[in-house]
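For reference, the structure is listed below as structure tokens.
Values below: every heavy atom of this structure, side chains too, minus hydrogens, waters and symmetry copies. Here is the naming used below: chain letters follow the sequence lines, and residue numbers restart at 1 for every chain.
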Amino acid sequence: MGELSRNAFLKLAGVAGTAGAVNNALGQPAPAEAAAKPPARELQAFTFLTPPEQRFVEAAIERLIPADSSGPGAREAGVAYYIDQQLRGAWGTGARQYRQGPWMAGTPEQGYQLNLIPQQVYRIGIAATNAHCRQAYGKTFDALSGAHQDDVLHGLESGKIALAEIPSKTFFSILLGNTIEGYFADPLYGGNRNMAGWRAVGFPGVAAAYAGVIEKYNVPYKVKPVSIADVEQGLDPDPGHAADEAHRQRIALMHARQQTEA
Amino acid sequence: MATKLKAVDAVTIGVGWTGGIIAAELTKAGYHVVGLERGEYRNTDPDFEVPQIHDELAYAVRHKFMQDPAQDTYTFRNDARETALPIRYLSGFLPGTGLGGAGVHWNGQTWRFLPWDFETRSATIKRYGEAKLNGATSQDWGITYAELEPYFDKFEYMAGIAGKAGNIKGSIHPGGNPFEGPRSREYPNPPMKTSYAGMLTKEAAKKLGYHPFPQPSANVTRPYTNPDGAKFGACVYCGYCERFACEMFAKSSPQLAVLPVAMKTGRYELRTFCNVTRINLDSTGKRAVSVTYVDAQGREFEQPAEMIFLTSFILNNVRTLLVSNIGTRYDPQTGEGVVGRNYTYQMNTGGTYFFNKKVFNTFMGSGAMGVAIDEFNGDNFDHTNHDFIGGAYILVSTTGARPIQYHPVPPGTPHWGAQWKKQVVRYYNRAIGINASGGVQAYRHNYLDLDPTYRDAYGLPLLRITFDWGPHELNQSQFMATILRKIGHAMNADIVAVSPRTGHYNSTIYQSTHNIGGAIMGTDPKTSAVNKYLQSWDVHNLFVLGASAFPQNSGYNPTGTLCALAYWNTEHVIKRYIKNPGPMA
């Protein structure tokens, strides 16, 4: 690729430093413009968490990943719905967990040994944490001040708060792990709404082909991120965009292979 | 009652890299091969299509391509005095499943082990004296680098490996790895592009007097056709290699490099969702007659074959030998016996360099797009004043920055909350990772056997892993940490965060899926399960391939070496064994 066409290519691919408003793979506006529009109403329904559990999860995740100047926190990003959907589905009901006994406590190096599926971890963990909060503060977790909520979360994380039926550290680490997952997973799973997590860090999402730009050093690559749904819903990448080039190469190669193999 | 099927020339138990290589080589030579794969059929089109394949949650976090522990897992303990418990969620290492095995979701880091790696024991004794082994039961392999060189070359050309030679027939070539064993010719494809992180690493390494070079990669750098006519595309640096599959036909895999060749001969039959439960021997116990497997409908079959190739993941290779009562079981009390002996792993020492005023776009990348130095690998440096043997290659690699699993923060940052988020946002694109991938020596007390309590979905005993770090690994990690700090400072990183590994091996933290050993190769049937041709000492028509044959682990990733061994094995099988079946050594 000559220098002139390379520059044109980089501009189309949305490398910062090029003049004017840059378009992303889908020909949609750059982040600042898009963020100004109110997000469309999204389907929101809990299927596993009970109302008290919903209140706990929404309160806890906003302490774990709060809103700030970089963008929404976990609550606005829909992470409670992500957690609810995960709990309802395969993961929450014990998929990919070895479920044979005997069940014994092990060493930390041996890992998870509870006879509990994730649905049960949340159910027990939330009830026991709320019981602790009622005893210590006279109200449930969601009704506490932010500072007290942080104290409780620190107590779970360190194991200083002992819960009756489950190690508090285990409950906390699963809650924190799921919160980070929901904040950064593709929006198709219910969290990361409006790609808030991806926008906060500058992750460009799933449409990814960077052969033409990877050797452009120390230059931020600023594009509106692209989700799986964006691509599936038939939005063609801009002509000349790296993702489009990759797509063309792949199709050409598939045809060549089919002809060879026929 | 098993249905007995028509006999074939050869059967492979598992269809990943080694099963695929056996299939291609034997079918080309005119033999009929059946491949039994416990998992699903899958291929680039349509199974690895974008956008679905770029789903971090499904593949990287929920392990869509990995062995399902609900069906089959391992029990683990650090020490034989503990009770091993099942690994209920596989997380510390992730065996693959399905057609192509780990060859589908790997990063593509493709090395030739160093000449020293094959002669670890004798070379250590020669240079430093026996005391230097300090309890390690590491052994020589019974094969040298020079013997294996043509087969490394063959694999690299079949798989389209990209790289820069450092040593061609003894002459050192600038820009390549000057410490590598002599190779017969250049790599088939030019090295990968260099990321900004790689460029800074290169500059810092040179400043320190090291010899940086591009990491050899199975992420093919240009459209390529291999010597068997198999076609590859070019990598687009999408940043989704490890735990994902490649939509671009660019990451070399059994599906791309070898299985189409076997299919084309008309002499290959692939059967998926077929789980082998045992290898059956004749009345002498010296010859295998068939394998028994169960299909997805629960039907049991017996497949007779003249030759049986055990080509599954190393842990499953060893388990199959144990449940089939093949070979003498290793006894850690006496140090005698061979099946389960010398189980080792990989010692990774990691660091992160944080920069306030640089951006790296680390979401761009490829699984094997790195800049490496080899000054501290193997016996490339004098160990006289060090309290370990072996070493590590040091690598800055830009493999993609999927944010669920990658969001580095400087030490001292809280694990959550406002300050955590602030630092994640600040450093997501301003940090680079460095790793020292280190060898692991074998010890008498680290081994594999059958668990007395826990069973898999087929009613077979789980494999029990007894493993902990030894002095060579923990001391190595301390030393590598000093080098990683030095490189970080040479790079003028604002924060250099390096943590050597300490304490016990922890099965819950992902470190590597380079599980190694348990059916090791060697020259003496008292201390090895297979001979230098990977032929069982006990059952001459059984060949046990893969990293189960490595007597201990190198600093390098295992795939290049285990694939070279597969080509070495098949050549000897075709040229010698089939003509005159019997022990080859």
Please classify the contact of A:Gln149 with chain B as side chain, backbone, both or neither, using a heavy-atom distance under 4.5 Å.
neither
Taking the side chain as every heavy atom from C-beta outward, state whether B:Trp420 and A:Ile65 have any pair of such atoms under 4.5 Å apart.
yes
Counting only non-hydrogen atoms closer than 4.5 Å, does B:His407 touch chain A with its backbone (N, CA, C, O), its side chain (CB onward), both, or neither?
side chain
So for A:Asn192, is it side chain, backbone, both, or neither that comes closer than 4.5 Å to the heavy atoms of chain B?
neither
Counting the benzene-type ring for Trp, do B:Tyr237 and A:Tyr210 have ring centres under 6.0 Å apart?
no
Among B:Lys358, B:Arg426, B:Glu56, B:Met263, single out the residue with the greatest number of heavy-atom pairs under 4.5 Å to chain A.
B:Lys358
At a heavy-atom separation under 4.5 Å, does A:Ala90 approach chain B through its side chain, its backbone, both, or neither?
neither
Taking the side chain as every heavy atom from C-beta outward, state whether A:Glu215 and B:Thr194 have any pair of such atoms under 4.5 Å apart.
yes
Residue among A:Leu114, A:Asp150, A:Thr107 with most heavy-atom pairs under 4.5 Å to chain B:
A:Asp150
For A:His154, does the NE2 atom sit with more than 12 other heavy atoms under 6.0 Å from it, leaving out its own atoms?
yes
What residue in B:Val425, B:Thr75, B:Thr362 has the most heavy-atom pairs under 4.5 Å with chain A?
B:Val425
Would you mind checking which part of A:Pro108 comes under 4.5 Å of any heavy atom in chain B, side chain (CB onward), backbone (N, CA, C, O), both or neither?
backbone
Part of A:Glu157 lying under 4.5 Å from any heavy atom of chain B:
side chain
For each of A:Ala67, A:Pro102, A:Gly101, A:Gly202, tally heavy-atom pairs with chain B at distances under 4.5 Å, and name the one with the top tally.
A:Pro102
So, do B:Asp456 and A:Tyr98 sit near enough that their side-chain heavy atoms are less than 4.5 Å apart?
no
Non-hydrogen atoms of chain B under 4.5 Å away: do they reach the side chain of A:Arg96, the backbone, both or neither?
both
Select one option (side chain, backbone, both, neither) describing which atoms of A:Ala74 are under 4.5 Å from chain B's heavy atoms.
neither
Report yes or no: does A:Asn218 contribute a side-chain atom to a donor-acceptor pair with the main-chain N or O of B:Val359 at less than 3.5 Å?
yes
Would you say B:Tyr505 and A:Glu109 make side-chain contact, with heavy atoms under 4.5 Å?
no
Quick check for you: among B:Lys357, B:His54, B:Lys421, which has the greatest number of heavy-atom pairs under 4.5 Å with chain A?
B:Lys421
Under a 3.5 Å threshold, yes or no: a donor from one side chain and an acceptor from the other, between A:Gln113 and B:Arg88?
yes
Heavy-atom distance under 4.5 Å to chain A: side chain of B:Met66, backbone, both or neither?
both
Rounded to the nearest 0.5 angstrom, the OH-CG distance for A:Tyr217 and B:Leu200 is 9.0 Å
Interface residue of largest heavy-atom contact number with chain B, from A:Gly106, A:Ser69, A:Ser70, A:Gly197, under 4.5 Å
A:Ser70
Geometric cation-pi criterion, B:Arg62 with A:Trp91: 6.0 Å, 45°:
yes
Ranking B:Ser507, B:Cys238, B:Ala70, B:Pro403 by heavy-atom pairs under 4.5 Å to chain A gives rank one to B:Pro403
Roughly how far, to the nearest 0.5 Å, is the SG atom of B:Cys235 from the CD1 atom of A:Ile214?
8.0 Å
How would you list, by chain and number, every residue that makes a ring pair (Phe, Tyr, Trp, His ring centres under 6.0 Å) with A:Tyr82, sequence neighbours excluded?
none
Per-residue contact mode, A:Leu176 against chain B (heavy atom under 4.5 angstrom)
side chain
Greatest number of non-hydrogen atom pairs under 4.5 angstrom with chain A, of B:Ser91, B:Ser195, B:Ala197, falls to B:Ser195
Please classify the contact of B:Asp68 with chain A as side chain, backbone, both or neither, using a heavy-atom distance under 4.5 Å.
both
For A:Pro66 versus B:Gly417, what's the shortest heavy-atom pair and its separation?
CD-C, 3.7 Å
For B:Val424, is it the side chain, the backbone, both or neither that has a heavy atom under 4.5 Å from a heavy atom of chain A?
both
Answer yes or no: is there a side-chain heavy-atom contact under 4.5 Å between A:Val206 and B:Tyr240?
yes
Any B:Asp55 side-chain heavy atom under 4.5 Å of A:Tyr189 side chain
yes
What part of B:Ile465 is in contact with chain A, defined as an atom under 4.5 angstrom from a non-hydrogen atom: side chain, backbone, both or neither?
neither
pair B:Leu85-A:Tyr112: side-chain heavy atoms closer than 4.5 Å:
no
Set of residues satisfying side-chain hydrogen bond (donor to acceptor under 3.5 Å, both in side chains) with respect to B:Thr225, sequence neighbours excluded:
none
Side chain, backbone, both or neither: which part of B:Glu82 has a non-hydrogen atom closer than 4.5 Å to chain A?
side chain
Between B:Asn429 and A:Tyr221: side-chain donor-acceptor atoms closer than 3.5 Å:
no
Which distance, rounded to the nearest 0.5 Å, do you find between the OG1 of B:Thr73 and the CD of A:Gln97?
11.0 Å
Using modelled atom types only, decide if a donor and an acceptor are shared between the side chain of B:Arg77 and the backbone of A:Gln110 within a distance under 3.5 Å.
no
Segment of A:Trp198 engaging chain B (4.5 angstrom heavy-atom cut-off):
side chain
Is any NZ, NE, NH1 or NH2 atom of the basic residue among A:Asp68 and B:Lys422 found under 4.0 Å from an Asp or Glu carboxylate oxygen of the other?
no
Using a cut-off of under 4.5 Å for heavy-atom pairs, which of B:Phe360, B:Phe76, B:Phe355, B:Tyr454 has the most such pairs with chain A?
B:Tyr454
In terms of the angle between their ring planes, are B:Trp416 and A:Phe172 parallel, tilted or perpendicular, with boundaries placed at 30° and 60°?
tilted
Check whether A:Phe203 gets within reach of chain B through its side chain, its backbone, both or neither, counting any heavy atom under 4.5 Å.
both
Is there side-chain contact between A:Asp186 and B:Leu57, with at least one heavy-atom pair below 4.5 Å?
no
What part of B:Ala401 gets within 4.5 angstrom of chain A, counting heavy atoms only: side chain, backbone, both, or neither?
backbone
Side chain, backbone, both or neither: which part of B:Tyr196 has a non-hydrogen atom closer than 4.5 Å to chain A?
both
